[in-house]
Every structure is written in C-alpha cells, then in structure tokens.
Chemist: 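Pasting a structure here, questions to come.
Predicted, not measured: the structure shown is a model, and the values here were computed from it.
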Amino acid sequence: MRLAWLLLQPSLAEPWILQQLRGWQLEDFDCSQSRGGVADWRALQQSAAEFNAAWSLRSPPPLKLCPRRKASSAPRWSGNLGLALASDECPLGALTAQVIGLICSSDCHGGTTDFQRLMSEALLPSTQEIFGVPSSRGSLWLLSTAWPTAELLAKWSANCTRRPGRRFQARCANPGLTTFTSQLHAAADATLAQLLAGPVSLIFDARLDHFATAGLEILRLQDGRAKLKNCGVELATKDMLLLFLRLLGPPVPGTDPLAPAAAAAAAARAAQLEPPELLRAWPLLAMLAAVRLTTWRSHGLYPHSQVPIPELQDVLQLSDRVDGSQAGVGMVEAKQPAENGRLQQIVAGALPLSPVWQRVASWLLAAPDAPSVVFMTMLWGSLGDDTWARRFLARALHLGLPRFIFMSPDEALLLDCEDVAAKWRKSDSYPRLLCMRSFSKFRRPYDVNNYAKFVLVPLLLALGMSYAWLDIDIFLVQNPTQRLQEIAALQEADVLTTDHFDQNCLNHGVIFVKPSDRTLYWILSYIRWMHVNPFGHDQNGWDAFLGHSIQFEPFVPAAPLANVTLAVLDTSKEFLTLTGWAGDDTELPKAQLLHLTRTFPIDIREKRQRFFELLAGEEDPQILHGTLSQIRTPLRQKQPCYEAVHVAVEQVVQDGRYWSLFD
C-alpha cells in the first residue's frame, strides 16, 4: 500500500520536461562527432571535399590526391580511406570512401558488391521521432548535403561515359522514359554541369532556374504509360527531378517528394541501382549534387552549438525542484526570473557547464530587478554602412531596452558593440548590452543567421527569461518591452511574432517568447527541424510550428506541439513594415517600430537611406510621420504566402500546374 501511495505522489515523479530532454538527439549526419571507431571521419570528409574541389568535371580525376594501395594478398587502400572502408560506424562516410576508391582505381565497371551494400546501408531509413520531428536519416539527398558523395559520383559518371570507346546502352523498354532521360541529360549538360565545375553557394543561382524551366517542359511532354521493364535508372531520375522541382516551390499535400515516406521510397529505389546502372545516370547524379545548392543551412550548425542541450537538464535541476502539488507548474515556470541562488551556482561553477552559461548568468546577476526580458539581434557582413550595428545598438539603449545581446562572428562588429557597451556603462546602473561571438561557420546562406537567432533561446528560457528578437534592419520608434509583455498577458500567448501587412504567413523579424516547459520543448523541436531539413526556409517552418497559415511542411509534426499559443502582432499600426501603415495622425504614438522590409523587393540602398534618415530625426516626430505618410495604405484582405519560391516555378504555382506534377 505504501508503495502504491508513493507512486501516486506527483512530487516524486520526474518532471515532464526532464523526461523529454533525456531523449534529445541530433543526428550526426557527417559523423564529425563519432569517436568510437578507428577512422577519422572529420578528416575523411575534409579530404573528400578537397578531392572534389580539385576535380574539374571535364578533366581526369586528381589521382595525385589518391591514397596508396597497401600491398597484400588482397590489395586494399592504406591510411584513413582503408580504415573507413573497414568500419561500419558511418555508412555515408564509408560509401564516400568507396566512391573515392573507384575513382582512384580508374574503375568504370562499378567495382565490387561492397558499393551496393554500402549504398543500401547509407540509404537505410530511420523511423525515429525525437521531440515530434522525424529523422531524415537515409534520405537520398544526404549524399549531397552531408557528404560530397553525389558530386563525386556525378563526375565519375561523366568521366567514364565520355571516355573514347565507352558506350552505355539504355535498357529501358519505355521509349517515353528514355527520351525523357536523354532530354534531361542535355539540359543538365547545359546548366548543372557548370555548377559542378566550381564553388557556387547562391541559392538563387540562375542556372538552377534554367534547368528547372527545361525540366518542367520535359516533364510536360513525357508519357510514362508504357512498359517499365529495366527502367530503374529512368524512374529514379524522374523521382529526382520531381524532388528538385519541389525544392524550388511550396509543399505538396499528400504527395510531397520531400516528406519522410516519399523520401524513403525514393532512396529505396535508388539503392537498388547497381553500379553499372549509375554510370548512365548522369542527369540523376547531377541533380542530386545540385540539390545542395537549394539548402539554407548546414547539418553541422546545432550539433556543435555553444549551448549543448543536455546541459539544460542540469540547469533546470539547480535550486528548488518543482513542488508536485503545484498543478500545471513546470520546471521553467517554477524558477522565477533572475533567481539569484541558481544564477550564483552557475557563476560559481557548481556544474561543469559550457562557458556561455557563466557569462550570461553573471550578466543577469548584475541586475536581478530589471525586467525579465532579454532582447537579441545579430549582424554578419555589411548593410552598406560600417556604423549600422553601432547606431542600432545605441538607439536601443537610448530608448531604455532593459537587456540586449548582440551576436556576430565578425570581430570588427563585436568591437563596435563593446564600444557602445562601454559608453553606456558610464551612465547605467548595470550593464545592459552583452556582446557575444557566434561560432557558427558560414557554408550555406542562412547558417550564421539561423544559428545566432536561435542558439541562445533554450538557455534564456531555462533561466526563466523571456526571449525577444529584433532584426537589425528595424528602426525602433519606442521601447517595445512593456507593450510586448502586455500583449502576451492580455492574449495569454506563449509566443508573439509578426506577419506581413498584406500577407498572412509569419515573419520572425520580431519575436517574443515567454519561458515555460512548453516553449522550451517547442523551440527545441523547431531547432531539430532546422537540423534534419536543411531545405526548409526558417520562416516557413516557424509558421508551420506555430500552426498558423502553412500546412503540410515536411518534417513538421502534424499535431500542435505542447499546446504553445500564438498571438500575431499588429503590423498595421504598431509593429510596422514598409509595405503599409493603416493609421491616422492621431495613431502615430501607437507605432513601436518600423521594420525596413516589405513584401515586394527592397534593396540595401533604400534600407540604408531610410534607416539613417529616421536616426537623424529621432527626436523629431515629423520625420517618422513623413515616412509613414508615404506608405499610408487602407487595410485589405491578407493573402496567403510561402517564403522563397524560385522564379522558375512561380508561374506554374500560380496557374495550378505545379500541383499536378506530383499526382
């Protein structure tokens, strides 16, 4: 009886959020964290990237970079390549090693059965779901986004098939499919081949659009209603074209090629192709290599984060545990903002935490009575004026924002931040500005932004602080702290964010998140989604994770996560953009900020001009009035939207033909 009574006591049960955190994991797609085996996977990935970079598509492979063969009764590769081929620890890495071995052996027959075995292992799907987000392990596109395997295979195919005397006869019995493949081959030669010739990182490279335009026309003319015998390459090529076109457009309800089930099916079909078949699969391999250029993020961002997620468990258990008699109170909610004892324990080194915890905790301890809101922004590169970050931060402190963190990997910008912080420390009672270096490496267009914007959110929520984000291309009209807190309280919302003046998809240029177990779980789910799906634009995922306007986004859980509630900030009179202002002169005091963006294109020069004009007249309300008067627009019905649709598919999306491609 006593045991049963003890089991029923809520205070003795492990809190829900700790149970969830124990299951946290991010897949190590590039095996950079694998240390258990004998192969050095990080070194192998680097050498594979160097080998690929040194190999021009139209030239012989750089055999001088090949490892030596180890003399034995069964010759094998020496060094790290040989160790990788003997290991089962990292299938993608071992497959890449096998491909390099084929190339270095000048093998145009496909090598041994090891190739197909390794391909099958690398493309083995996972049914694992963590924080509600499925795994993308086993997806075909990981041969491009995690390792340079696809590009090496594409160059291997092109090098072998273009050798004198080499002929690879198509065996497919469907004339429509063989014509489709040959036409796609010509289109890939004219466009994608140029992308494989050198380093290209722009997601909107015109050659991607040109290939997509040709692919759409080829699909329109293709008739696949004949026999399909021996058509594995052709069908896999068609799968890849549909995936390629989908990566340029919006999600497809029910038949999305990027959805986990469809991705697993496509990978299974590709895994059945034997090496000789892959040699005649140049269009497939070229498209697979090119999908890397449609990604927004690298897989390596969050696994190497400055805030290791397992440390959240330790921090949440510092100080008092949750009293189980407090129904509905989570671990985050129970820890009041700036709880001195907990912060002091972190600063004193009570736990072996990453340095970022001590730095932030020390900063928070300096002002325990300040509002429990931390604002953040970041900048990397230039907005056309070296003083932008300095002047943005000075404006924020001048208006009285209670705490502000500026993140950047740029040393010059961090020094600018430190100058602003030092100036305001002379008059402030506590340091309000914290300058932090972002350690993300830039490989894909949004790596730096997506890392800096979200890496500290779990840390701040675990410390009981509300997180607020302001894009740095915002002109602050007044201090928005009190207004954000009021809206969150009045609407009982966990998350506040903006949409657009004339469109209803969310824009996370302005964010406010209240600390709770629910929001901590939710933000970690979103971070995991950005990790497993590098193709998803962060704003589309943000909208889908909040259950707002975008549906069917791949890898987003179908059911709402942890009952997180959303309130959309008013973009017509308060949290403004340059698309429009619906207020009258008497409503000018309602304006909190002006985000220098809009739903039709705006260049950096116009942003810069408007920002510095407003700064020059920051004490003159007539300057702001003049700017808003120019964009005064009546409210109208907001239209649906989806971020980052490529120009090549815009027309077919608008006229409806896009959706029929995937029937």
Chemist: Is there a donor-acceptor contact under 3.5 Å from the side chain of N507 to the main chain of G509?
Modeler: yes
Chemist: Give the C-alpha distance, both sets of side-chain angles, the deciding distance and a yes or no for side-chain contact (heavy atoms from CB on, under 4.5 Å) between L434 and R359.
Modeler: CA-CA 9 Å; L434 183 64; R359 185 139 191 253; 3.6 Å; yes
Chemist: Whether the side chain of Q478 engages the backbone of A591 through a donor-acceptor N/O pair (distance < 3.5 Å, no angle test) should be reported.
Modeler: yes
Chemist: Using 0.5 Å steps for rounding, measure from the CD1 atom of I130 to the CG atom of L524.
Modeler: 12.0 Å
Chemist: Determine whether I405 and L456 make a side-chain contact, defined as any pair of heavy atoms from C-beta on separated by less than 4.5 Å.
Modeler: yes
Chemist: Please report the interatomic distance CG(N449) to CD1(I472), rounded to the nearest 0.5 Å.
Modeler: 11.0 Å
Chemist: Determine yes or no for a side-chain-to-main-chain donor-acceptor pair under 3.5 angstrom, with Q639 supplying the side chain and N504 the backbone.
Modeler: no
Chemist: Could you check whether any side-chain heavy atom of E553 comes within less than 4.5 Å of a side-chain heavy atom of P251, counting everything from C-beta outward?
Modeler: yes
Chemist: Quick check: does any side chain N or O of D447 sit under 3.5 Å from a backbone N or O of S298, one acting as donor and the other as acceptor?
Modeler: yes
Chemist: Which pair of heavy atoms, one from D28 and one from R137, lies closest together, and at what distance?
Modeler: N-NH2, 4.0 Å
Chemist: Walk me through whether Y467 and F512 qualify under ring pair (Phe, Tyr, Trp, His ring centres under 6.0 Å).
Modeler: CA-CA 6 Å; Y467 159 84; F512 183 84; 9.0 Å; no
Chemist: Where do T627 and R610 come nearest, in terms of heavy atoms and distance?
Modeler: CG2-NH1, 3.6 Å
Chemist: Salt bridge or not between E27 and R528? Use side-chain N to carboxylate O under 4.0 Å.
Modeler: yes
Chemist: Working note: L578 + F501, criterion side-chain contact (heavy atoms from CB on, under 4.5 Å); need CA distance, chi angles, decisive distance, verdict.
Modeler: CA-CA 9 Å; L578 289 173; F501 180 83; over 6 Å; no
Chemist: Can a donor-acceptor pair be found, under 3.5 Å and without considering hydrogens, that links the side chain of T579 to the backbone of T599?
Modeler: yes
Chemist: Would you give the length of the straight line joining atom CG of N479 to atom CZ of F375, rounded to the nearest 0.5 angstrom?
Modeler: 6.0 Å
Chemist: If you measure from CG on L470 to CG on L401, what distance do you get to the nearest 0.5 Å?
Modeler: 7.0 Å
Chemist: If you look at every heavy atom in Q306 and S438, which pair is closest and at what distance?
Modeler: OE1-CA, 3.8 Å
Chemist: Evaluate the side-chain contact (heavy atoms from CB on, under 4.5 Å) criterion for residues V510 and T497: first the C-alpha distance (whole Å), next the side-chain angles of each, then the deciding distance (0.1 Å), finally the verdict.
Modeler: CA-CA 6 Å; V510 180; T497 195; 5.7 Å; no
Chemist: Look at the side chain of T294 and the backbone N and O of L247, then say whether any donor-acceptor pair between them is shorter than 3.5 Å.
Modeler: no
Chemist: Parallel, tilted or perpendicular, judged at 30° and 60°: which one describes the rings of Y526 and W542?
Modeler: perpendicular
Chemist: Taking side-chain hydrogen bond (donor to acceptor under 3.5 Å, both in side chains) as the criterion, tell me which of R297, H537, R444 meets it with N450.
Modeler: R297
Chemist: With salt bridge (Lys or Arg N to Asp or Glu O under 4.0 Å) as the test, would you mind laying out the steps for D570 and R483 before giving the verdict?
Modeler: CA-CA 11 Å; D570 172 26; R483 183 61 182 141; over 6 Å; no
Chemist: Grab the two heavy atoms, one from S139 and one from S136, that are nearest each other, plus how far apart they are.
Modeler: OG-O, 2.8 Å
Chemist: Salt bridge or not for R598 and D502, using N-O below 4.0 Å?
Modeler: no
Chemist: Measure the acute angle between the ring planes of Y451 and Y302, then classify it against the limits of 30° and 60° as parallel, tilted or perpendicular.
Modeler: parallel
Chemist: Please assess E14 against R22 for the test side-chain contact (heavy atoms from CB on, under 4.5 Å), listing each intermediate value before the final yes or no.
Modeler: CA-CA 11 Å; E14 183 179 48; R22 294 194 198 289; 2.5 Å; yes
Chemist: Is there a side-chain contact between Q317 and L18 (heavy atoms, below 4.5 Å)?
Modeler: yes
Chemist: Which heavy atom of G583 sits nearest a heavy atom of R632, and at what distance?
Modeler: O-NE, 3.1 Å
Chemist: Rounded to the nearest 0.5 Å, how far apart are CE of M436 and OG of S408?
Modeler: 12.5 Å
Chemist: Has E486 got more than 12 heavy atoms of other residues, nucleotides or ligands less than 6.0 Å from its CD?
Modeler: yes
Chemist: Check whether any side-chain N or O of D499 sits under 3.5 Å from a backbone N or O of C505 as a donor-acceptor pair, and report yes or no.
Modeler: no
Chemist: Should H595 and D473 count as side-chain neighbours, where that means a heavy-atom distance under 4.5 Å?
Modeler: yes
Chemist: Are the side chains of D410 and L379 in contact, using a 4.5 Å heavy-atom criterion?
Modeler: no
Chemist: Any luck finding a side-chain donor-acceptor pair between T565 and E492 under 3.5 Å?
Modeler: no
Chemist: Using modelled atom types and a 3.5 Å cut-off, is there a donor and acceptor pairing between side-chain atoms of T377 and backbone atoms of W469?
Modeler: no
Chemist: Kindly write out the residues that satisfy side chain to side chain donor-acceptor pair (under 3.5 Å) with D584, not counting sequence neighbours, or none if the list is empty.
Modeler: T586
Chemist: If every non-hydrogen atom of V532 is compared with every non-hydrogen atom of W141, which pair is closest and at what distance?
Modeler: O-CH2, 3.3 Å
Chemist: Aromatic rings Y521 and F131: how do their planes relate, parallel, tilted or perpendicular, breaks at 30° and 60°?
Modeler: parallel
Chemist: Check for a donor-acceptor pair, side chain of N540 on one end and backbone N or O of E643 on the other, with a separation under 3.5 Å.
Modeler: yes
Chemist: Tell me, which pairs form a ring-ring contact (aromatic ring centres under 6.0 Å, His included) where one or both residues lie in residues 634-661, sequence neighbours left out?
Modeler: F204-H646, Y658-F662
Chemist: Measuring only between side-chain heavy atoms, which start at C-beta, is L566 closer than 4.5 Å to L506?
Modeler: yes
Chemist: To the nearest 0.5 Å, what is the distance between NZ (K453) and CG (D538)?
Modeler: 6.5 Å
Chemist: Just checking E587: does its CD atom have more than 12 heavy atoms from other residues, nucleotides or ligands closer to it than 6.0 angstrom?
Modeler: yes
Chemist: What orientation do F29 and H531 show, parallel under 30°, tilted 30 to 60°, or perpendicular over 60°?
Modeler: parallel
Chemist: I474 versus D471: any side-chain heavy-atom pair under 4.5 Å?
Modeler: yes
Chemist: Counting distance only, does the side-chain N/O of T295 pair as donor-acceptor with the main-chain N or O of R292 below 3.5 Å?
Modeler: yes
Chemist: For F611 and W388: C-alpha separation, side-chain torsions, deciding distance, then whether ring pair (Phe, Tyr, Trp, His ring centres under 6.0 Å) applies.
Modeler: CA-CA 9 Å; F611 183 67; W388 190 301; 4.2 Å; yes
Chemist: Check whether any side-chain heavy atom of L316 lies under 4.5 Å from a side-chain heavy atom of L21, and answer yes or no.
Modeler: yes
Chemist: Could you go through the side chain to side chain donor-acceptor pair (under 3.5 Å) check for S516 and T519 one step at a time?
Modeler: CA-CA 5 Å; S516 69; T519 54; 3.1 Å; yes
